[in-house]
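So you know, we letter chains A, B, ... as the sequences are listed, proteins then strands, and number each from 1. None of the values given here were measured: they were computed from a predicted structure.
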Amino acid sequence: MRSHYCGQLNETQVDSQVELCGWVHRRRDHGGVIFIDLRDREGIVQLVFDPDAPESFQTAEQVRSEYVLRVSGRVRRRPAGTVNADLATGRIEVLGIRLAILARSEPLPFQIDEEVEASEEVRLRYRYLDLRRPDMFRRMKLRVDVTRMLRNYLDAQGFLDIETPFLTRATPEGARDYLVPSRTHPGSFFALPQSPQLFKQLLMMSGMDRYYQIVRCFRDEDLRADRQPEFTQVDIEASFIDEEQIMALMEAMIRELFAKVLEEALPAPFPRISHKEALARYGIDRPDLRIPLELVEVSDLMQDVEFKVFAGPARDVAGRVAALRVPSGGELTRGQIDDYTKFVGIYGARGLAYIKVNQIDKGRDGLQSPILKFLPDDTINTLLKRTGAQDGDLIFFGADKARIVNEALGALRVKLGHDLGLVERGWRPVWVTDFPMFEWDEKSAGWSSLHHPFTAPAIDDIAQLEANPGDALSRAYDMVLNGIEIGGGSIRNHRSDVQAGIFRLLGIGDNEAAEKFGFLLEALKYGCPPHGGIAFGLDRLVMLMSGSASIRDVIAFPKTQSAACPLTAAPAAVDAKQLRELGIRLAQPPATGA
RNA sequence: GGAGUGGUAGUUCAGCUGGUUAGAAUCCCGGCCUGUCAAGCCGGUGGUCGCGGGUUCGAGUCCCGUCCACUCCGCCA
């Protein structure tokens, strides 16, 4: 039916007969000559029809946008002066000899490849049309290139692609599960996996040694631009390996990925930063190193100042006072500063103090700020020195609980970086290590895992761990690229006593642990190799690599922010019969509509 | 659960402080046109102003509620 893809044609086919199939991208009817841009996934080529071939010319007159055509014709060089430099096939055209309309098309709800993009709402409703756009095809193709390269790498390293169940059991901790009712066990439910975590660990206990899977995961939590209810992980686990070996293997994989797919060189090795240092310098555990701004610790300078807003948090062990120097920030208007104050309010900050640095060699008189009168000279001098302030700068301050200061100034740092055009070009990967094992959860008044409950602690003395859970570090590591966490993993607990101790610390009683994780604790007793792994967010990785603003743009059929599919109108009510078979009765009648 | 932005022709948008018959571009339809490539020129069709209520002599515009989309906070081991 077809001899070439439209986009593959070039001058080497001149004078040869070709057969093409594709969609009518555009049609230009000059009365006596008709041009049709024929599009397939590989590109666009111009067809020409003239009245010398009356049959095909008459058919071409009927053709409309997005009709599906099959054409036989002769490739020829375009006449002088009519070459289109914007088109890959612009030096040639195909003189149409025979033309068949394979399918007609009604006018589309939106135009393909228009510079004015349709709204995402419309694009998702007609996703199959949206995917016809060359931009979207390129993204899907990039995703294919990425997964192929990752598979090749992992295969070459001896990792085995092994499938794990989608119908599994709900786990306490972690995200809300998507549940699937069991017909054969009325009243019981499967859960869709949040990740294949436990299965991949069990595979290590099975002696598979090295496992990987490119696998769908499900989490019933609220959505974001980089979060979908179903998403894809590159899930990896290996036995008899420590964190150094895993990290070396994985950053080599990502380096090779960027080198082969994007022809971009990533640093070797990736820089590393401890969780503690990341919070201190960037206020966040996934720093975007493209932004040159850093938080500066000034708690020690503010403990005895008159200004209570600073002195209070400075003296509080859980508090923090930090500064953020904005180069040339003196140019910010009062209105802009008000907007940034409003911005940090989102993160719970109650204000945003600042000092304008007009002329640094004039000391106090060269500065401008409502808080200046509260600060003694030596505090000001140390502050200026420590922040490296220069004439024309502005220094923002955050003072509150450390968590609020970090989140507010961390987010402000990123926002300022973008607003002021300070974001460096390129790729800045970083490993974040030395995470705390646990964090205190105010709501449940208990410890919870920062990573997940199967992560090994840096010390394997359970008594020591239980004595000071807040100080314990874990053997977890996150790979962060340009401020986005693209992967995270850890060395796991391979001793049942350590694992059981961690469950106790997390407030999971022995009975509950036995019921929910008994199979894991049991498996740990039968010769579990030391093991660890990592999981990459494939969607986020491809989003970054394609320069997309949302993972929806790299998923063929994504959900909206309310976790619905505009194309299929899922989720939807089901027949009463289906519910009866599952032993389910609805507490509320389904909302009627559609 | 919360904050913000948006919802007007098939599509992308404009519509001021409430005031006549809601506009533009594009798409679509018809006509002209033999070298265009976002072809051009002439003409035409196309509207539940998201939905419901309220204020008013009068609502696309103001108020209340609600739905949808997007961004963010919470949430996401």
Looking at A/D37 and A/R26, is any side-chain nitrogen of the basic one under 4.0 Å from a carboxylate oxygen of the acidic one? no

On the 0 to 90° scale, with breaks at 30° and 60°, tag the A/Y128-A/Y126 ring pair as parallel, tilted or perpendicular. perpendicular

Heavy-atom pair of closest approach, residues A/A170 and A/L179: CB-CD2, 4.4 Å

Given B/rU36, B/rC75, B/rC28, identify the nucleotide with an atom nearest to the side chain of A/R227. B/rC75

Output one line per pair: protein atom, nucleotide atom from nucleotides 65-70 of chain B, and distance, for all N/O pairs under 3.5 Å.
{"unit_1": "B/rC68", "atom_1": "O2'", "unit_2": "A/E121", "atom_2": "OE2", "d": "3.0"}
{"unit_1": "B/rA69", "atom_1": "OP1", "unit_2": "A/T560", "atom_2": "OG1", "d": "2.8"}
{"unit_1": "B/rA69", "atom_1": "OP1", "unit_2": "A/S562", "atom_2": "OG", "d": "2.9"}
{"unit_1": "B/rA69", "atom_1": "OP2", "unit_2": "A/S562", "atom_2": "OG", "d": "3.1"}
{"unit_1": "B/rC70", "atom_1": "OP1", "unit_2": "A/Q561", "atom_2": "N", "d": "3.1"}
{"unit_1": "B/rC70", "atom_1": "OP2", "unit_2": "A/Q561", "atom_2": "N", "d": "2.6"}
{"unit_1": "B/rC70", "atom_1": "O3'", "unit_2": "A/R552", "atom_2": "NH2", "d": "3.0"}

Heavy atoms under 4.0 Å, any strand shown: does A/F454 hit a base, just sugar-phosphate, or nothing? nothing

Tell me the interatomic distance from A/Y178, atom OH, to B/rC75, atom C1', rounded to whole angstroms. 13 Å

Would you mind telling me which of B/rC75, B/rG35, B/rU71 lies closest to the side-chain atoms of A/P79? B/rG35

Could you please name the partner base of B/rG6, counting Watson-Crick and G-U wobble pairs only when both distances are under 3.5 Å? B/rC68

Whole angstrom value for the distance that separates P of B/rC37 from CD1 of A/I92: 18 Å

According to a strict under-4.0 Å criterion, is A/R64 in side-chain N/O contact with OP1 or OP2 of B/rC27? no

Relative to the 5' end of RNA chain B, which residue comes earlier, A/V122 or A/V48, by the nucleotide with the nearest heavy atom? A/V122

B/rU61 versus B/rU56 - spacing of their C1' atoms, nearest Å: 13 Å

Say we look at B/rC13 and B/rG1: how far apart would their P atoms be, to the nearest angstrom? 29 Å

Separation of B/rC28 P from A/Y67 OH (nearest whole Å): 11 Å

Do A/Y477 and A/F435 have ring centroids that are under 6.0 Å from one another? no

Any base atoms under 4.0 Å from A/L450, or only sugar-phosphate, or nothing? Heavy atoms, all strands. sugar-phosphate

Does A/R28 make a side-chain N or O approach to OP1 or OP2 of B/rA39 shorter than 4.0 Å? yes

Between B/rC72, B/rG10, B/rC37, which nucleotide has the shortest distance from any of its atoms to the side chain of A/P109? B/rG10

NZ/NE/NH1/NH2 to OD/OE distance under 4.0 Å, A/R495 and A/D460: yes

In whole Å, what separates the P atom of B/rC68 from that of B/rC75? 24 Å

N/O donor-acceptor pair, side chain A/E407 with base B/rG74, under 3.5 angstrom: no

Length of the CD-P vector between A/Q46 and B/rC37, whole Å: 10 Å

Separation of atom CD1 in A/I284 from atom P in B/rC72, rounded to whole Å: 12 Å

Kindly say if A/R224 contacts the phosphate of B/rC75, meaning a side-chain N or O under 4.0 Å from OP1 or OP2. no

Contact class for A/E93 (heavy atom, under 4.0 Å): base, sugar-phosphate, or nothing? base

When you measure from the centre of the six-membered ring of A/F343, is the NZ or CZ of A/K415 closer than 6.0 Å and no more than 45° off the axis? yes

With a non-hydrogen cut-off below 4.0 angstrom, is A/D29 in contact with a base, only sugar-phosphate, or nothing? base

Just to be sure I understand the rule, does A/P107 reach a base, reach only the sugar-phosphate, or reach nothing, if contact means heavy atoms closer than 4.0 Å? sugar-phosphate

Inter-nucleotide P distance (B/rA24, B/rC62), Å rounded: 24 Å

What's A/R76 touching, base or sugar-phosphate or nothing? Going by heavy atoms closer than 4.0 Å. base

Under a 3.5 Å cut-off for both contacts, is B/rC49 paired Watson-Crick or G-U wobble with anything, and if yes, with which nucleotide? none

A/E61 atom CD is separated from B/rC29 atom P, nearest whole Å, by 14 Å

Per the atom types in the model, does the base of B/rU36 pair as donor or acceptor with the side chain of A/R26 at under 3.5 Å? no

Check whether the aromatic ring of A/H30 stacks on the base of B/rA39, taking stacking as ring centres less than 5.5 Å apart and planes within 30° of each other. yes

I'd like the P distance from B/rG15 over to B/rC67, given in whole Å. 28 Å

With centres under 5.5 Å and planes under 30° as the test, does A/F35 stack with B/rU36? yes

In terms of the nearest nucleotide of RNA chain B, which residue is placed more toward the 5' end: A/A549 or A/V83? A/V83

Ion pair present between A/R77 and A/E93, side-chain N to carboxylate O less than 4.0 angstrom? no

Would you kindly check whether a donor in the side chain of A/N84 faces an acceptor in the base of B/rC37, or vice versa, at under 3.5 angstrom? yes

Given the side-chain rings of A/F190 and A/F166, with only the six-membered ring counted for Trp, is the space between their centroids under 6.0 Å? no

For a quick test of reading the model: is some side-chain N or O of A/R176 closer than 4.0 Å to OP1 or OP2 of B/rC76? no

Can you check the A/D285 CG to B/rC76 P distance for me, whole Å? 14 Å

Could you identify the nucleotide paired to B/rA14, looking across every strand shown and requiring Watson-Crick or G-U wobble geometry with both distances under 3.5 Å? none

With sequence neighbours left out, the residues meeting ring-ring contact (aromatic ring centres under 6.0 Å, His included) with A/F536 are none

Determine the interatomic distance between C1' on B/rG74 and the same-named atom on B/rA14; round to the nearest Å. 37 Å

Does a side-chain N-to-carboxylate-O contact under 4.0 Å join A/D400 and A/R350? yes

Distance in angstrom units between A/I112 CD1 and B/rU11 P, rounded: 14 Å

Which nucleotide in the list B/rU26, B/rC28, B/rC37 gets nearest to the side chain of A/Q111? B/rU26

With a 4.0 Å cut-off on N to O distance, would you call A/R286 and A/E485 a salt bridge? no

If I pick the P atom on B/rA39 and the same atom on B/rG58, what distance separates them, to the nearest angstrom? 49 Å

Has A/S119 got a side-chain N or O lying under 4.0 Å from the OP1 or OP2 atom of B/rU11? no

Would you measure the distance from the C1' atom in B/rC70 across to the matching atom in B/rU26 and give it in whole Å? 24 Å

